[in-house]
There are 2 protein chains.
Amino acid sequence: MKIENHIKSNKTLSLHKKMLINVLYTGNWLNDCISEVLKDFDISAQQFNVLRILKGRNGNPANLSDIQERMIAKNSNTTRLVDKLINKELVSKKKCPSNKRKVEILITASGLTFLDQVNEVVENREANITKHLNEEEIEQLNALLNKLRN
Amino acid sequence: MKIENHIKSNKTLSLHKKMLINVLYTGNWLNDCISEVLKDFDISAQQFNVLRILKGRNGNPANLSDIQERMIAKNSNTTRLVDKLINKELVSKKKCPSNKRKVEILITASGLTFLDQVNEVVENREANITKHLNEEEIEQLNALLNKLRN
DNA sequence: ATCATACATTTGTACCTACAATTATTGAAA
DNA sequence: TTTCAATAATTGTAGGTACAAATGTATGAT
């Protein structure tokens with residue numbers, strides 16, 4: 001469906017405007033798709049994102065700033081996201097011994113198990129989304145988005 | 001810049017995954033670009049969106065559900081967004097006389113003046129963003145995003 | 001050694017989002 | 001006509017985002 005139908009616009013939008021709205025709208029839409037799956041696991045997209053980042057460290061502890069740098073939404077308040085995950089015992093945090101300004105954050109064993117369970121369902125959903133485009137189109141879309149951001 | 005550098009991923013991501021992350025990331029990025037401009041006017045992207053929708057009605061009052069349908073972020077809590085705009089006297093609201101369940105929302109004269117001022121700056125910023133792609137690429141990007149959502 | 005500065009994180013506040021529950025109103029069926 | 005379901009908006013609560021200010025720690029210059 002065209003973007004102007006989604007937002008029920010009555011005036012004719014310029015191609016440029018349509019494209020920008022489309023990028024915003026599709027980003028929201030994709031976020032909603034993933035959030036819907038995550039809802040069953042009582043976890044938000046950003047919390048899931050933190051868990052994935054920590055798993056990617058393969059046992060090396062991460063600072064808050066390491067996590068922040070890797071977040072998809074750069075303005076997340078990582079302190080509070082991590083706190084929520086600590087409450088769920090999915091991650092652990094302690095002061096960095098060599099530099100007490102920093103913290104060392106790790107995914108726990110139960111965090112890893114949980115993440116693997118969630119990941120399976122998320123990846124199914126993602127596969128269902130990407131199947132609408134072939135490899136060449138995915139590559140094009142990737143390239144165009146990169147170019148848009150400069 | 002490639003998306004894997006933005007999120008500083010160390011493992012090699014599949015093309016599919018990169019594309020999905022890219023859609024989310026670029027949506028956030030674009031939102032941040034526009035929000036940065038709006039900040040000078042003390043208005044959020046969603047409040048700006050509501051004002052644009054109301055202007056598009058050309059003097060016809062809008063219900064809350066009319067606005068909601070036209071929002072880029074479909075889950076905005078429109079009641080509260082409108083309340084904020086009423087406090088700033090940029091929009092007005094009254095009970096719909098023919099159906100007291102509904103409300104009639106209008107942009108005020110000062111809302112229109114304000115919107116026009118903001119719009120000029122926003123459109124400059126938008127033009128600066130879209131200039132990285134030519135017409136054909138913009139058309140492609142539009143088509144690919146539409147196809148991704150089915 | 002002291003001090004100013006930079007760094008890493010936390011906290012505060014306002015706004016926004018997600019979603020469920022509630023209130024008020026309407027319209028149609030029993 | 002009463003009642004019940006549907007509709008439109010509002011409210012409540014928890015979580016997330018944006019941004020500034022505060023806290024605690026490290027480090028280089030003097």
Side-chain angles (χ1 to χ4, degrees), chain A residues 24-25 27-51 61-88 90-91 93-105, chain B residues 24-25 27-51 61-88 90-91 93-105:
Chain A
L24 289 170
Y25 183 87
N28 280 324
W29 168 85
L30 181 54
N31 195 55
D32 292 348
C33 288
I34 305 299
S35 297
E36 196 190 332
V37 170
L38 294 177
K39 216 184 120 182
D40 291 342
F41 298 92
D42 270 308
I43 194 170
S44 73
Q46 291 315 309
Q47 287 179 28
F48 178 62
N49 202 192
V50 171
L51 288 181
N63 301 326
L64 269 181
S65 50
D66 295 328
I67 299 175
Q68 189 105 44
E69 277 180 338
R70 287 167 176 76
M71 295 291 281
I72 295 173
K74 291 295 179 200
N75 287 308
S76 304
N77 191 325
T78 316
T79 297
R80 289 193 272 238
L81 284 175
V82 167
D83 282 349
K84 301 252 163 66
L85 293 169
I86 290 173
N87 284 338
K88 297 178 190 176
L90 300 174
V91 314
K93 181 171 78 169
K94 64 181 180 75
K95 280 243 153 120
C96 176
S98 64
N99 185 338
K100 278 181 256 173
R101 282 177 301 186
K102 297 190 183 183
V103 291
E104 291 189 337
I105 299 162
Chain B
L24 289 170
Y25 184 86
N28 280 325
W29 169 84
L30 181 54
N31 195 56
D32 291 349
C33 289
I34 305 299
S35 297
E36 197 190 331
V37 170
L38 294 176
K39 215 185 120 181
D40 291 342
F41 297 92
D42 270 308
I43 193 170
S44 73
Q46 292 314 309
Q47 287 178 27
F48 178 61
N49 202 191
V50 170
L51 287 180
N63 302 325
L64 268 180
S65 50
D66 294 329
I67 299 176
Q68 189 106 43
E69 277 180 337
R70 287 168 175 74
M71 295 292 280
I72 295 173
K74 291 297 180 201
N75 289 307
S76 304
N77 190 323
T78 316
T79 298
R80 290 192 269 237
L81 284 175
V82 167
D83 282 349
K84 301 255 162 62
L85 293 169
I86 290 173
N87 283 339
K88 297 179 190 177
L90 299 175
V91 315
K93 180 171 80 169
K94 63 182 180 74
K95 280 242 153 120
C96 177
S98 65
N99 185 338
K100 278 180 258 173
R101 282 177 301 188
K102 296 190 183 184
V103 291
E104 291 187 338
I105 299 161

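Reckoned from all heavy atoms, side chains included, excluding hydrogens, waters and symmetry mates. By convention in this document, chain letters (A, B, ...) are assigned in the order of the sequence lines, proteins followed by strands, and residues within each chain are numbered from 1.
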Give the minimum heavy-atom separation between A:Ala45 and A:Asn31, together with the two atoms involved.
CB-OD1, 3.8 Å
Mind calculating the distance between NZ (B:Lys95) and P (C:dT23) to the nearest angstrom?
14 Å
Tell me every residue that passes salt bridge (Lys or Arg N to Asp or Glu O under 4.0 Å) with A:Lys93, counting only those two or more places apart in sequence or in another chain.
A:Asp83
A:Asn28 has an atom CG; how far is it from atom P of C:dT17, in whole Å?
8 Å
Detail all sub-3.5 Å separations between protein N/O atoms and N/O atoms belonging to nucleotides 15-21 of chain D.
from   : atom 1 : to      : atom 2 : distance (Å)
D:dG16 : OP1    : A:Ser44 : OG     : 2.2
D:dG16 : OP1    : A:Gln47 : NE2    : 2.9
D:dG16 : OP2    : A:Gln47 : NE2    : 3.1
D:dG16 : OP2    : A:Lys84 : NZ     : 3.3
D:dT17 : OP2    : A:Ser76 : OG     : 3.3
D:dA18 : OP2    : A:Asn75 : ND2    : 3.2
D:dA18 : N6     : A:Arg80 : NH2    : 3.1
D:dA20 : OP1    : B:Lys39 : NZ     : 3.4

Run A:Ile43 and A:Lys88 through side chain to side chain contact (heavy atoms under 4.5 Å, CB included) and show every step you take.
CA-CA 10 Å; A:Ile43 194 170; A:Lys88 297 178 190 176; 4.3 Å; yes
If you take any heavy atom closer than 4.0 Å to DNA chain C, which residues from residues 97-105 of chain A end up in contact?
A:Arg101, A:Lys102, A:Val103
Please report the closest heavy-atom contact between A:Leu24 and B:Gly27, naming both atoms and the distance.
CD2-O, 3.6 Å
I need the CG-C1' distance between B:Leu85 and C:dA14, as an integer number of Å.
15 Å
Could you walk me through whether B:Leu90 and B:Lys84 satisfy the side chain to side chain contact (heavy atoms under 4.5 Å, CB included) test, starting with their C-alpha distance in whole Å, then the side-chain angles of each, then the deciding distance to 0.1 Å, before giving a yes or no?
CA-CA 9 Å; B:Leu90 299 175; B:Lys84 301 255 162 62; over 6 Å; no
Considering the options A:Asp66, A:Ile72, A:Ile67, which one meets the side-chain contact (heavy atoms from CB on, under 4.5 Å) requirement together with A:Arg70?
A:Asp66
Send over the distance from A:Glu69 CD to C:dT9 P, rounded to a whole Å.
10 Å
To the nearest angstrom, the CD-C1' distance between A:Gln68 and C:dC7 comes to 14 Å
Base, sugar-phosphate, or nothing for B:Ser65, non-hydrogen atoms under 4.0 angstrom?
sugar-phosphate
Counting only side-chain N and O atoms of B:Lys93, is one of them less than 4.0 Å from OP1 or OP2 of D:dT10?
yes
Kindly say whether A:Ser65 contributes a backbone atom to a donor-acceptor pair with the side chain of A:Asn63 at under 3.5 angstrom?
no
Just how far, in rounded Å, is C1' of C:dC16 from CD1 of B:Ile72?
15 Å
For the atom pair CD1 (A:Ile34) and CH2 (A:Trp29), what is the distance rounded to the nearest 0.5 Å?
8.5 Å
Given side chain to side chain contact (heavy atoms under 4.5 Å, CB included), test B:Ile105 with B:Val103 step by step and report yes or no.
CA-CA 6 Å; B:Ile105 299 161; B:Val103 291; 3.9 Å; yes
I need the CZ-C1' distance between B:Phe48 and C:dC15, as an integer number of Å.
18 Å
Rounded distance (Å) that lies between atom P of C:dA14 and atom CG of B:Asn87:
14 Å
